[in-house]
Structure formats: structure tokens, C-alpha cells
Amino acid sequence: MSASAPRPPIRDYESLCAVLAERQDSLSRRLGQVARFFLNHPEEVAISTLVTLADHAQVPPATITRFAKELGFVGFADLQAVFRERLVGPRLPYAERVTRLRTGEIGDADLNDSDRVFEGFVQAAVNSLVRIEESLDRSELAAFVDALAACDVVHVAAARGAFSIGAYSVYGLANIGKRAHLVDNLGAMRREQIAAMGENDVLLVVTFDDYTPETVEAARLAAAQGRTVLAITDNELSPVVGPASHILYVTEARLGHFRSQVPALVVCQAIIVSLGRRLRAEQPVSDKMKSKNQKAKNEK
């Protein structure tokens with residue numbers, strides 16, 4: 001399509017995501033901030049007022065209005081209608097559940113109360129799990145398992161807030177008999193660690209907004225070497241989407257500046273357990289007999 005040709009109107013959430021992914025490099029810093037917030041919190045956009053969303057996205061309300069017009073909408077109400085449409089029909093009970101979960105939202109003053117903080121994190125985790133149960137791409141989930149089953153070694157790049165998820169993934173993969181290494185950048189040797197990947201190795205990257213530069217670089221280095229990159233991230237505007245062969249989108253709910261890690265951990269556990277069953281089913285019969293015989297000897 002030429003630059004002067006009119007763009008077709010955005011009529012649904014999927015086309016909105018596609019347009020934002022296409023235009024992410026041309027959006028201003030502020031509009032990009034709004035775009036990431038909207039894709040990370042679609043249910044909140046569908047049910048909240050303009051002022052509330054502006055407060056949560058940490059931008060002036062006028063910026064959201066400008067964002068809507070930049071995408072070809074008359075105003076915010078028309079843009080919000082796309083997000084509301086995403087929740088109608090079979091998803092309506094989900095919208096109602098999200099609305100209930102948002103009741104009694106925790107304010108800054110409540111953060112001094114440990115009981116309220118605990119309730120807030122439970123609410124955030126449940127909110128995230130409800131969202132991901134509805135939205136996770138099952139075909140991509142299966143593709144993750146296929147790629148991990150076929151590779152020789154899994155290299156995991158996850159840092160800062162995602163580090164615990166990456167470390168658990170290495171632990172879980174090792175426990176099911178899959179060779180796994182953590183790209184830990186020890187000695188500032190991230191580039192060398194990626195260069196050491198074998199031809200049939202896979203890089204699993206886990207990163208969320210604000211995307212860790214070291215993790216993003218690892219993904220780009222691996223892709224440049226022709227290695228398969230699997231990404232667990234939050235939305236189509238994530239910088240690891242480009243280098244990745246397969247992507248699972250996990251939107252993590254927040255409590256203040258803290259993210260709930262529950263949904264990403266659940267996704268990783270599902271991948272690891274599914275992979276473990278696959279590897280066990282594909283194990284040669286002779287190996288199974290050896291394992292059975294060894295078990296019998298240990299029981300004597």
C-alpha cells in the first residue's frame with residue numbers, strides 16, 4: 001500500500017494489533033507508551049473511563065485522545081468500542097469477572113497495610129490468570145513444545161524482573177531431562193554465550209515492559225546466527241517479537257510498580273510438563289527397560 005493511499009478503518013482488536021505492530025516505529029514516545037499500555041490492559045481499556053486510563057497509563061487524557069485520532073478514530077469512545085467488542089458474546093462472562101475483580105481497587109494509601117497488599121497481589125494474579133486462560137494462543141503453545149522437543153539444548157535469557165521465571169525454567173527443563181543453560185551474562189560475556197549455541201539449539205527469551213536490553217540483544221544475536229528464538233513477552237510491540245520464530249503473549253497484572261509473575265510461571269510450567277510427557281513418550285524402549293530394571297534393583 002502506498003504512503004498516500006487511505007488506510008482501511010480498524011474494525012476489530014486483531015486489526016488494531018496489526019496496525020500498531022506495523023506503526024510502532026513511527027509513533028512518538030508518548031503515543032508508543034499509550035499503545036503498550038492499551039495492549040497490555042485490553043480489559044481495563046474496555047471498562048474504564050478516559051481519565052482513569054490516563055492516570056494508569058501515566059499520560060494526560062489529551063494524549064489518549066490524540067492516540068485514538070492518530071489511528072483514524074473520531075475520538076476515544078470509538079477506539080474503546082473496539083476493546084469492548086472484544087469482550088462481547090462468549091467473552092461477556094469474562095468481562096463481568098474482570099469488572100468484579102476490579103471492585104475495591106487498592107490505592108496508594110492501602111500499601112501501608114500488609115493485609116491489603118496481600119489481597120491486591122491475589123487479585124492481580126487471579127485477574128491475569130482469567131485473562132490468559134481466555135487469550136493464550138494454543139497453537140503457539142504447541143509450537144513451543146515441538147521446538148523444545150526437537151532441539152539439542154535450550155538456552156534461557158531472562159533478566160531483572162523476569163529472572164526468577166527464567167531460572168525456574170532452567171530448573172524445570174533439567175528435571176525432565178532436557179539440557180538447559182541460563183544466559184547469565186557472567187563477565188559481560190553474553191555475546192560469547194550466544195555464539196556458543198549449537199546449530200540445533202534454541203534460545204528461550206522472557207521479557208516484559210520495560211524490556212531488558214540485555215535480553216533483547218540476546219534474542220537479536222541468536223536470530224542473526226540463524227538459531228530458533230522462542231519468546232514469552234507481553235504484546236505485539238515488544239522488541240523481541242521480530243527475532244522470534246514463535247511467541248506467547250502473557251500480560252502480567254500490576255500492583256503499583258510490581259508485576260504479578262503468576263501467569264508467566266503458569267505458562268512455563270505448562271510448557272515444561274507437556275515437554276516432559278513428550279520426551280518420556282519418545283524415549284526408546286531400551287532406555288525405558290534400563291530405567292525400569294534400575295528401579296527394580298534400587299527397590300531390592
Side-chain angles (χ1 to χ4, degrees), residues 1-46 50 53-54 56-60 62-88 91 131-132 134-141 143-144 203 205-213 215-224 226 228-252:
M1 184 183 297
S2 66
S4 59
R7 294 178 178 273
I10 297 173
R11 301 188 183 280
D12 54 42
Y13 183 76
E14 288 70 23
S15 60
L16 172 65
C17 291
V19 168
L20 289 177
E22 176 188 343
R23 300 186 57 189
Q24 60 177 311
D25 293 333
S26 64
L27 294 175
S28 68
R29 183 181 64 83
R30 278 293 200 183
L31 295 186
Q33 181 178 340
V34 174
R36 289 190 296 274
F37 178 84
F38 273 39
L39 293 188
N40 283 340
H41 306 85
E43 291 77 28
E44 186 171 344
V45 175
L50 172 61
L53 290 174
H56 290 178
Q58 298 180 337
V59 296
T63 302
I64 293 182
T65 301
R66 182 158 56 92
F67 173 72
K69 292 182 177 180
E70 180 75 14
L71 295 177
F73 295 97
V74 175
F76 168 69
D78 289 336
L79 173 59
Q80 187 179 45
V82 171
F83 287 83
R84 287 181 172 173
E85 180 69 21
R86 177 178 174 270
L87 298 180
V88 301
R91 292 179 179 265
R131 178 188 298 125
I132 199 170
E134 292 277 344
S135 64
L136 190 74
D137 188 331
R138 303 307 202 271
S139 63
E140 283 292 88
L141 181 65
F144 263 60
L203 177 68
V205 298
V206 185
T207 188
F208 307 99
D209 187 32
D210 312 304
Y211 311 100
T212 307
T215 303
V216 176
E217 183 187 8
R220 289 171 176 166
L221 288 171
T228 298
V229 177
L230 306 177
I232 297 177
T233 190
D234 48 14
N235 63 62
E236 290 83 353
L237 305 187
S238 168
V240 297
V241 167
S245 300
H246 297 287
I247 309 152
L248 285 173
Y249 294 110
V250 178
T251 303
E252 297 188 315

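- A donor-acceptor contact shorter than 3.5 Å is absent between the side chain of Ser245 and the backbone of Thr228.
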Tabulate below the donor-acceptor pairs under 3.5 Å that side-chain atoms of residues 65-78 make, not counting sequence neighbours, or state none.
| unit_1 | atom_1 | unit_2 | atom_2 | d |
| --- | --- | --- | --- | --- |
| Thr65 | OG1 | Pro61 | O | 3.4 |
| Glu70 | OE2 | Arg23 | NH2 | 2.7 |

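- The distance from the CD1 atom of Ile132 to the CG atom of Asp137 is 11.0 Å, given to the nearest 0.5 Å.
- Counting all heavy atoms, side chain and backbone alike, Ala218 lies closest to Leu203 at O-CD2, 3.4 Å.
- Scanning all heavy atoms of the two residues, the minimum distance from Val82 to Tyr13 falls at CG1-N, 3.5 Å.
- In this structure, OG1 in Thr207 is found 11.5 Å from CD1 in Ile232, a value given to the nearest 0.5 Å.
- The distance from the CD1 atom of Ile247 to the CG atom of Asp234 is 11.5 Å, given to the nearest 0.5 Å.
- Not a single donor-acceptor pair under 3.5 Å links the side chain of Glu140 to the backbone N or O of Leu248.
- Taking all atoms of both residues into account, the shortest heavy-atom contact from Pro60 to Ala54 is C-CB, 4.0 Å.
- Here the shortest heavy-atom pairing between Leu27 and Gly32 reads CB-N, 4.1 Å.
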Steps toward side chain to side chain contact (heavy atoms under 4.5 Å, CB included) verdict (Phe38, Leu79): CA-CA 10 Å; Phe38 273 39; Leu79 173 59; 3.6 Å; yes
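- The shortest non-hydrogen separation linking Val229 to Ala219 is CG2-O, 3.7 Å.
- For the atom pair CD of Glu44 and NE2 of His56, the computed distance is 5.5 Å after rounding to the nearest 0.5 Å.
- Interatomic distance, Leu237 CG to Phe37 CZ, rounded to the nearest 0.5 Å: 14.0 Å.
- The shortest non-hydrogen separation linking Pro243 to Arg220 is CG-CG, 3.8 Å.
- Inspection of the Ser238 and Thr233 side chains reveals an N or O donor paired with an N or O acceptor under 3.5 Å.
- One finds the OG atom of Ser15 at 11.5 Å from the CD atom of Glu22 (value rounded to the nearest 0.5 Å).
- The closest side-chain heavy-atom distance from Leu20 to Gln24 is not below 4.5 Å.
- In this structure, the side chains of Leu53 and Val45 come closer than 4.5 Å at one or more pairs of heavy atoms.
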